[in-house]
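The structure under discussion appears below in the form of structure tokens.
Just so it is clear, the model here is predicted, and its values are computed rather than measured. Every chain is numbered from 1, with letters handed out A, B, ... down the list of sequences.
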Amino acid sequence: MPWRETNNPYFIWLSEIILQQTQVKQGLPYYNAFVAQFPTVFDLANAKESEVLKLWQGLGYYSRARNLHVTAKYIANTCNGEFPNTYKGLLKLKGIGDYTASAIASICFNEVTAVVDGNVYRVLSRYFGIDTPINSTKGIKAFKALAQELIDAKDPATFNQAIMEFGATQCRPKNPDCMFCPFQASCVAYNKGRVDELPVKLKKLKVKQRYFNFLVFLSKDNKTILEKRKGKGIWQNLYQFPLIETDDNMAHNDFLKLVKAHSLLNGKTFELHQYNNVPKVHKLSHQHLNTTFWIVNIDLVENGVPFETITDYPVPILIGNFIEVFHF
DNA sequence: AAGCCGGGGTT
DNA sequence: AACCCAGGCTT
């Protein structure tokens, strides 16, 4: 892993943000792309937010990219390009929470502050046989304190990375390699046959069903319409085709009435074609997006995006996949 | 304290 | 389908 070969806070920070809730395999190509396009924090600070989001496209949790850009500008413009060199200082930066502050402080500045990520929760809850839910306030405090007791004060960076890697490769969520585990003899969960019960986690979120209808405009002068998502909710500041959200999947005839009433089409002549008869189900962690793409053939569009510039815009991967398959 | 925020991979 | 991922922010 390239970020193992440096103590430069910029690179460590970048890697840690990318790896939040993201597996190394998925994040590595993005890390390489960011380092190539933004070699220093000043390069990142000088970029447009849309450039940052474009490079982040497909990685998800886009607030990470927006906060990355905010913090880059702050470090470059207010801190002379220098990151805070303490856990406490790092914690104040946007997008940096307890885990990331500890990771940067220990790896870059040898501060003795323990990281607690999903791996650490799993390793500690099993080894010590702790039932406290890892996502409860009590659990979060308890596991942080325990990790802080255990950390090697002489080499916190190695300790932190080692316990995480141990969780990722040996003490895995499913099928952990207990048979060849160096901690087998003293692991409470193993000796009580409770490895599969730990860690304990509270509740599971309910997945909400949503129904998205995207209007893919095709004008005679080869333009379409992209809109920037505003406000709260998913995909903030990313672009999409004009969206009509409904409370169920729509049949062509019913949807045609809705489209006719749409502000982009008042009174205009157009043809509507349903691109996919079976809704494409795009699964987010907390929502299932039942998606239908509708082709709208029309003479002219206002503020149209020329087909050849569509791929300049940062879009959710659901839209990006459509653009790839649909030959504009 | 609980809910929200992506996309990919494994079981 | 359920679960997890080198979590953090908002309400």
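The separation of B/dG8 from C/dG8, taken at their P atoms, amounts to 22 Å, rounded to a whole angstrom. If you take atom P in B/dT11 and the same atom in C/dA6, they sit 14 Å apart, rounded to whole Å.
Atoms CG (A/L53) and C1' (B/dC5) sit 14 Å apart, rounded to a whole Å. Atom P of nucleotide B/dG6 and atom CZ of A/R210 are separated by 11 Å, given to the nearest angstrom. Straight-line distance from the NZ atom of A/K25 to the C1' atom of C/dA6: 17 Å, rounded to whole Å. Atom CD1 of A/I234 and atom P of B/dG3 are 19 Å apart (whole Å). Summarising the geometry, the separation between CD on A/Q57 and P on B/dG6 is reported as 13 Å, rounded to the nearest angstrom. The CD atom of A/Q287 sits 11 Å away from the P atom of B/dG7 (whole-angstrom rounding). Straight-line distance from the CG atom of A/N135 to the C1' atom of B/dG3: 12 Å, rounded to whole Å. A straight line from CD1 of A/I18 to C1' of B/dG6 spans 15 Å, rounded to a whole angstrom.
Heavy atoms of A/L202 sit nowhere under 4.0 angstrom from any nucleic acid atom. A/T100 comes within 4.0 angstrom of the backbone, heavy atoms only, and of no base. Nucleic acid contact class of A/K94 (heavy atoms, under 4.0 Å, all strands): sugar-phosphate only. When heavy atoms are screened at a 4.0 angstrom cut-off, A/N160 is found touching no nucleic acid atom at all. Using a 4.0 Å heavy-atom cutoff across all strands shown, A/G27 reaches no nucleic acid atom at all. Using a 4.0 Å heavy-atom criterion, one finds that A/Q236 contacts no nucleic acid atom at all. The residue A/S63 sits apart from the nucleic acid: no heavy atom pair falls under 4.0 Å.
Here B/dT11 is the nucleotide among C/dA6, B/dT11, C/dT11 with the atom lying nearest to any side-chain atom of A/N175. Relative to the side chain of A/R122, the nucleotides C/dG8, C/dC4, B/dT11 differ in distance, and C/dC4 lies closest. Of the candidates C/dG7, C/dA6, B/dC4, the closest approach to any side-chain atom of A/Y61 belongs to C/dG7. The A/T22 side chain lies nearest to B/dG6 when the options are B/dG6, C/dG7, C/dC4. When distances run from any side-chain atom of A/K232 to the nucleotides C/dT10, C/dA6, B/dG7, the shortest one goes to C/dT10.
Between the side chain of A/R4 and the base of C/dA6 there is at least one donor-acceptor pair of N/O atoms closer than 3.5 Å.
With DNA chain C read from its 5' end, the first of the two nearest nucleotides for A/Q21 and A/P173 is the one closest to A/P173. Annotation: of the two residues near DNA chain B, A/K206 and A/S136, the 5′-most nearest-nucleotide partner is A/S136. Comparing A/K201 and A/R64 by the nucleotide of DNA chain C that holds the closest heavy atom to each, the one mapping nearer the 5' end is A/K201.
The phosphate of B/dG7 (OP1 or OP2) has a side-chain N or O of A/W235 nearer than 4.0 angstrom. OP1 and OP2 of B/dC4 both lie 4.0 Å or more from every side-chain N or O belonging to A/H286. Considering only side-chain N and O atoms, A/H282 lies under 4.0 angstrom from the phosphate OP1 or OP2 of B/dG7.
A side-chain contact (heavy atoms from CB on, under 4.5 Å) with A/F83 holds for exactly one of A/N8, A/I12, A/I75; it is A/I75. Among the candidates A/I134, A/V116, A/I163, A/N119, the single residue satisfying the side-chain contact (heavy atoms from CB on, under 4.5 Å) test with A/L124 is A/I163.
One side chain, A/R4 or A/Q161, offers a donor N or O that lies under 3.5 Å from an acceptor on the other. Between A/T292 and A/Q274, the side chains place no donor N or O within less than 3.5 Å of an acceptor N or O (distance only, hydrogens not considered). Side-chain contact annotation: A/T158 with A/D152, donor-acceptor N/O pair under 3.5 Å absent.
The aromatic rings of A/Y239 and A/Y313 sit perpendicular to each other, their planes meeting at more than 60°, with 30° as the lower class boundary. Classification of the A/F326-A/F322 ring pair by plane angle, with boundaries at 30° and 60°, yields parallel.
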